Undergrad: 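Got a structure here, written out as structure tokens. Questions coming.
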Protein chains: 2
Amino acid sequence: MKFNKELLKGTTDMIVLKLLSQQDMYGYEIMKKLKQKTDNIFELREGTLYPILHNLESKKLITSYCQPTESQRKKIYYKITDKGRKILQDKEVEWKNFSEGISKLMGGIAYEN
Amino acid sequence: MKFNKELLKGTTDMIVLKLLSQQDMYGYEIMKKLKQKTDNIFELREGTLYPILHNLESKKLITSYCQPTESQRKKIYYKITDKGRKILQDKEVEWKNFSEGISKLMGGIAYEN
DNA sequence: ATACAATATATCGTATAACAAAGTATTATA
DNA sequence: TATAATACTTTGTTATACGATATATTGTAT
């Protein structure tokens, strides 16, 4: 990643919920999709993503199911819930407030006090 | 504050350096200035700010001095160094990359995959 | 005059969260 | 047939913001 990983804190739930709001996905797919969508700028590692998914599920913001398949490979699909979409909206507003605040601070003209 | 405090992580050094790039200030003044400049949206508490100032000073990004005064009150003024200004620029670029990445993800149109 | 709020700095313990690393197992490829 | 990629899990580490508490000075209200 091209930035301090600390910056990511507080945004991961929003990112995962957003991706799942567009389509159901399994964990590994989310990792790949995030990298691909952001030209490798954003990345969530296994040790970060899977605990997040378990946590979101425990809060009923997403649900999981196993796609019926002929292979032995375990794939756990996740689907965003109505509650999840609501929380996603809240988090988007929160992010907007925060990033606009930073912009105001950082983009501020030198003479303003 | 009107947002998840986790969002602040990774941005505090940048914020403090930015404020000090505009004028020398003492700790308490920085706290007040930040609140005032952002209409109470942003806030750094003592337990956050003072350790940050000590840390930035240990890294030579800021220096401190005591303004000569008739009062007994201890006020430690901080001044950004050339190194501090350089690091501030780096952090601003980092923030730009990060926030643009989030925008791309969150503002993305639903049909894009 | 006297209590209380605001100013000013400091530090310790706590909580959260992202990551690295290591582990297990399946499927595809060289 | 070994290796890489896929797929999920868990444990320990690290960074960092905060709450709480402490100390002391200065200003204000009763």
Side-chain angles (χ1 to χ4, degrees), chain A residues 1-17 24-36 41-59 62 64-67 69-78 91 94-95 98 101-102, chain B residues 1-17 24-36 41-59 62 64-67 69-78 91 94-95 98 101-102:
Chain A
M1 282 199 278
K2 290 169 184 161
F3 49 80
N4 180 352
K5 288 160 207 327
E6 289 296 321
L7 289 175
L8 209 57
K9 292 196 176 176
T11 65
T12 51
D13 285 4
M14 178 177 76
I15 290 171
V16 171
L17 287 174
D24 293 5
M25 278 185 274
Y26 53 93
Y28 197 79
E29 194 181 3
I30 293 172
M31 285 172 53
K32 297 294 155 190
K33 182 72 81 183
L34 177 62
K35 263 189 97 166
Q36 171 233 312
I41 299 175
F42 282 68
E43 205 180 335
L44 289 179
R45 312 309 299 278
E46 302 95 314
T48 306
L49 180 63
Y50 289 108
I52 286 171
L53 289 171
H54 300 156
N55 179 251
L56 290 175
E57 187 172 25
S58 80
K59 293 197 228 150
I62 59 177
S64 65
Y65 61 93
C66 286
Q67 192 88 307
T69 168
E70 67 285 351
S71 84
Q72 297 301 101
R73 156 112 350 125
K74 178 172 61 169
K75 278 187 193 171
I76 305 169
Y77 281 82
Y78 291 95
K91 286 182 184 289
E94 208 176 43
W95 168 257
F98 176 72
I102 293 277
Chain B
M1 283 198 276
K2 289 168 186 162
F3 48 82
N4 180 351
K5 289 159 204 329
E6 289 296 321
L7 289 174
L8 209 58
K9 291 197 176 174
T11 64
T12 50
D13 284 4
M14 178 177 77
I15 290 171
V16 172
L17 287 173
D24 293 4
M25 278 185 274
Y26 53 94
Y28 197 78
E29 193 181 4
I30 294 172
M31 286 173 51
K32 296 293 155 190
K33 181 73 82 183
L34 178 61
K35 263 190 96 167
Q36 170 232 311
I41 299 175
F42 282 67
E43 204 179 336
L44 287 179
R45 312 307 299 277
E46 303 95 316
T48 306
L49 180 61
Y50 290 110
I52 285 171
L53 289 171
H54 300 156
N55 178 251
L56 290 175
E57 187 172 26
S58 81
K59 292 197 229 151
I62 60 177
S64 65
Y65 62 91
C66 287
Q67 193 90 305
T69 168
E70 67 284 351
S71 85
Q72 296 302 98
R73 158 122 336 135
K74 180 171 57 168
K75 278 187 194 171
I76 305 169
Y77 280 83
Y78 290 96
K91 286 182 183 290
E94 209 177 40
W95 168 257
F98 176 71
I102 294 278

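Here is the naming used below: chain letters follow the sequence lines, and residue numbers restart at 1 for every chain. Just so we're clear, the structure is a prediction, and the values are computed from it rather than from any experiment.
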Undergrad: Rounded to whole angstrom units, what separation is found between the OH atom of A:Tyr50 and the C1' atom of C:dA21?
TA: 16 Å
Undergrad: Determine the contact category for A:Glu46: base if any of its heavy atoms lies under 4.0 Å from a base atom, sugar-phosphate if only primed atoms, P, OP1 or OP2 are that close, otherwise nothing.
TA: base
Undergrad: Rounded to whole angstrom units, what separation is found between the CZ atom of A:Arg45 and the P atom of C:dA21?
TA: 9 Å
Undergrad: Any side-chain N or O of A:Tyr28 below 4.0 angstrom from OP1/OP2 of D:dC8?
TA: no
Undergrad: Taking CG from B:Leu49 and C1' from C:dT7, how many angstroms apart are they, rounded to a whole number?
TA: 14 Å
Undergrad: Heavy-atom distance under 4.5 Å between the side chains of B:Thr12 and B:Leu49, does that happen here?
TA: no
Undergrad: Just to be sure I understand the rule, does A:Lys9 reach a base, reach only the sugar-phosphate, or reach nothing, if contact means heavy atoms closer than 4.0 Å?
TA: base
Undergrad: Against A:Val16, only a single residue in A:Thr48, A:Leu34, A:Leu53 fulfils side-chain contact (heavy atoms from CB on, under 4.5 Å); can you say which?
TA: A:Leu53
Undergrad: Taking the side chain as every heavy atom from C-beta outward, state whether B:Ile30 and B:Leu44 have any pair of such atoms under 4.5 Å apart.
TA: no
Undergrad: Parallel, tilted or perpendicular: which one describes the rings of A:Phe3 and B:Phe98, with boundaries at 30° and 60°?
TA: perpendicular
Undergrad: In whole angstroms, how far is the P atom of D:dA17 from the CG atom of B:Asn55?
TA: 10 Å
Undergrad: Just compare D:dC8, C:dT27, D:dC18 and give me whichever is closest to any side-chain atom of A:Lys75.
TA: D:dC8
Undergrad: Using the side-chain heavy atoms of B:Tyr26, tell me which of these nucleotides is nearest: D:dA17, D:dA7, C:dA8.
TA: C:dA8
Undergrad: Does A:Lys32 put a side-chain nitrogen or oxygen below 4.0 Å from OP1 or OP2 of D:dT6?
TA: yes
Undergrad: Rounded to whole Å, please give me the gap between CD in A:Glu43 and C1' in C:dC19.
TA: 11 Å
Undergrad: Calculate the interatomic distance between A:Leu7 atom CG and C:dA18 atom P; express it in whole Å.
TA: 12 Å
Undergrad: In whole Å, I'd like the distance from the CD1 atom of B:Ile76 to the P atom of C:dA8.
TA: 12 Å
Undergrad: Report the distance from atom CD of B:Glu6 to atom P of D:dG19, rounded to the nearest whole Å.
TA: 12 Å
Undergrad: Pick the closest DNA chain C nucleotide for A:Pro51 and for A:Lys74 by heavy atoms, then say which residue is nearer the 5' end.
TA: A:Pro51
Undergrad: How is A:Gly47 classified with respect to the nucleic acid when contacts are heavy atoms under 4.0 Å: base, sugar-phosphate, or nothing?
TA: base
Undergrad: Does this structure show an ion pair linking A:Lys9 with A:Glu6, if we count only N-O contacts that are shorter than 4.0 Å?
TA: yes
